[in-house]
Amino acid sequence: MSKKIFSGVQPTGNLHLGNYLGAIKNFVELNNDNQNECIFCVVDLHAITVKQDKDQLKKNILETTATFIASGINPTKSIIFNQSKVHAHAEGSWILSCISPMGWLNRMTQFKDKAGKDKEKASVGLYIYPVLMASDILLYDATHVPVGEDQKQHLELTRDIANKFNKDFDCHNFLKAPEPLIKKNFSRIMSLKDGLKKMSKSDPSDLSRINLTDTKDEIINKIKKAKTDSLPIPSENEKLKSRPEAENLLGIYSSISNQTLDKTLDEFGGKNFSNLKSQLAEILSNKISPISDEIKKLLNDKEYLNKVLTHGANKADEIAEKKIIEMKRIIGF
Ligand code: AQP
């Protein structure tokens, strides 16, 4: 069955292995299936929900675009663009925020995590981030949204918002409630320094993540220094429950080599971590460093990257414009 795919990544720098295994690797597989229509967005409007340096933001938009292409997304087949170039995203977000109850947004755990203790100082934008995400997805009638596990709650909210809009304005199925596409295994990659914390761009420790721009030596060094425990690797899945760092490294190995955790446990069970670490470092550096080299090459051709974004924005705008005009008509403008 053909799918309409929409997903986005924030241009907030330090794109990492979690973004790759949780989202971008999946984008590439969907792009390669000729039946799908894919739209991949550099979500710069989402990025400004926390303070950004304007020069760095410009660089990060191009770096995220380069990462999409270097990972294998073909810009002549899939639409790649940055969100701020298509005004319907912000307009749709406003309309949807007017029908979204605050109670629904109050339940969003990502806002609680990102706002931290000082909620009063967090921006209103950060609070309504999930409504902008709903607008992104619903403007394109996306049927499927590939994301990491951490975005599952936001997608459920998108479905609720779509259904509420249709009900409030008596327009059955005008906004299409999308299905999440979340990889069953290892859709949440954890920090290399703390197996209970998500691998994240904003972690102050660079050793906590593998960046998609890391060199072979940096990758090897980070895996060598990754936190483990003192016990040997178990052979059974259940014994990993109280060992988050072991589970994370085994999960990363399974995900990058496209095999089940059981197969990885068969391979490494009973051995010590040095064995797993050296093989993991090898496979990661073989898979990630060609992407890293390609990102650096593409970043030397900014004209090409800007052309991809402009072309993508024109195509995205054609689709989104029709939907926003219809949406405005439905609400009585
Ligand atoms: N650790 C992760 N494991 C699996 N998937 C992940 N994603 C992010 N981190 C992990 C997925 O990557 C996609 C793009 O994420 P994003 O850039 O839009 O935002 P994010 O989730 O806020 O990324 P970070 O790294 O966590 O940023 P900071 O540090 O700023 O909070 C999404 O599909 C996401 O699920």
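Both counts, for ligands and for their atoms, begin at 1 and track the order of listing.
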### Task
Identify which of Ser255, Gly8, Cys41, Ser202 has a heavy atom lying nearest to atom 29 (O) of ligand 1.
Ser202
### Query
Which pair of heavy atoms, one from Arg243 and one from Pro234, lies closest together, and at what distance?
NH1-CD, 3.3 Å
### Task
Start with the C-alpha gap between Trp104 and Lys164, add the side-chain angles, then the distance that decides, and say whether side chain to side chain contact (heavy atoms under 4.5 Å, CB included) holds.
CA-CA 12 Å; Trp104 289 3; Lys164 185 163 187 299; 3.7 Å; yes
## Note on the structure
For atom 3 (N) of ligand 1, the closest protein heavy atom turns out to be Ile189 N, 2.8 Å
### Message
Quick test: of every protein heavy atom, which one is nearest to atom 26 (O) of ligand 1, and how far off is it to 0.1 Å?
### Response
Lys198 NZ, 2.7 Å
### Task
Run the numbers for me: atoms of ligand 1, each under 4.0 Å from some heavy atom of Gly22, listed by number.
4 (C), 5 (N)
### Query
Should one rank Gln110, Lys114, Lys201 by closest heavy-atom distance to atom 22 (O) of ligand 1, which comes out on top?
Lys114
### Query
Can you tell me which residue and heavy atom of the protein come closest to atom 33 (O) of ligand 1, and the distance to 0.1 Å?
Gly148 N, 3.2 Å
### Task
Identify, for atom 13 (C) of ligand 1, the protein heavy atom at the shortest distance, and state residue, atom and that distance.
Ala23 CB, 3.7 Å
### Query
Would you say Gln52's side chain and Ala47's backbone share a donor-acceptor pair under 3.5 angstrom?
yes
#### Entry: Lys241 and Glu247 ion-paired at < 4.0 Å
no
#### Entry: atom 4 (C) of ligand 1 [closest protein heavy-atom partner, distance rounded to 0.1 Å]
Ser187 O, 3.0 Å
### Task
Count the heavy atoms of every other residue, nucleotide or ligand shown that sit under 6.0 Å from NZ of Lys277, and state whether that count exceeds 12.
yes
### Query
Below 3.5 angstrom, do we get any N/O pair linking Pro146 and ligand 1?
no
#### Entry: Region of Asp150 engaging ligand 1 - heavy atom pairs below 4.0 Å
side chain
### Query
Will you find, in the side chains of Lys77 and Asn34, an N or O donor that is under 3.5 Å from an N or O acceptor?
yes
### Query
Any idea which protein heavy atom is nearest atom 9 (N) of ligand 1, and the distance to it?
His16 CE1, 3.5 Å
### Message
Give me the nearest non-hydrogen protein atom to atom 12 (O) of ligand 1 as residue plus atom name, then the distance to 0.1 Å.
### Response
Asn19 ND2, 3.1 Å
### Cation over ring face, Lys119 and Tyr127, 6.0 Å, 45°
no
### Message
Looking at every non-hydrogen atom in both residues, tell me the closest pair between Leu298 and Ala70 and how far apart they are.
### Response
CD1-N, 3.9 Å
### Task
Compute the ring centroids of Tyr140 and His89, then answer whether they are less than 6.0 Å apart.
yes
#### Entry: side chain to side chain contact (heavy atoms under 4.5 Å, CB included) between Lys85 and Asp317, worked out
CA-CA 8 Å; Lys85 290 225 182 100; Asp317 195 49; over 6 Å; no
### Query
Got an N/O contact under 3.5 Å between Ser200 and ligand 1?
yes
### Query
Please state which protein non-hydrogen atom is closest to atom 19 (O) of ligand 1 and give its distance, to 0.1 Å?
Gln10 NE2, 3.2 Å
### Task
Consider ligand 1: state whether an atom of it lies below 4.0 angstrom from any non-hydrogen atom of Thr12.
no
### Query
Which of the numbered atoms in ligand 1 are below 4.0 angstrom from a heavy atom of Val9?
14 (C), 17 (O), 18 (O)
### Message
Within ligand 1, which atoms have a heavy atom of Arg188 less than 4.0 Å away?
### Response
3 (N), 4 (C)
#### Entry: Proximity to ligand 1 by part of Glu149, non-hydrogen separation under 4.0 Å
neither
### Message
Between Phe174 and Phe169, is the ring-ring contact (aromatic ring centres under 6.0 Å, His included) condition met? List the steps.
### Response
CA-CA 10 Å; Phe174 168 68; Phe169 296 102; 9.6 Å; no
### Query
Between Asn211 (side chain) and Thr213 (backbone), is there a donor-acceptor pair under 3.5 Å?
no
## Note on the structure
Per-atom filter on ligand 1: closer than 4.0 angstrom to a heavy atom of Val147 are 33 (O)
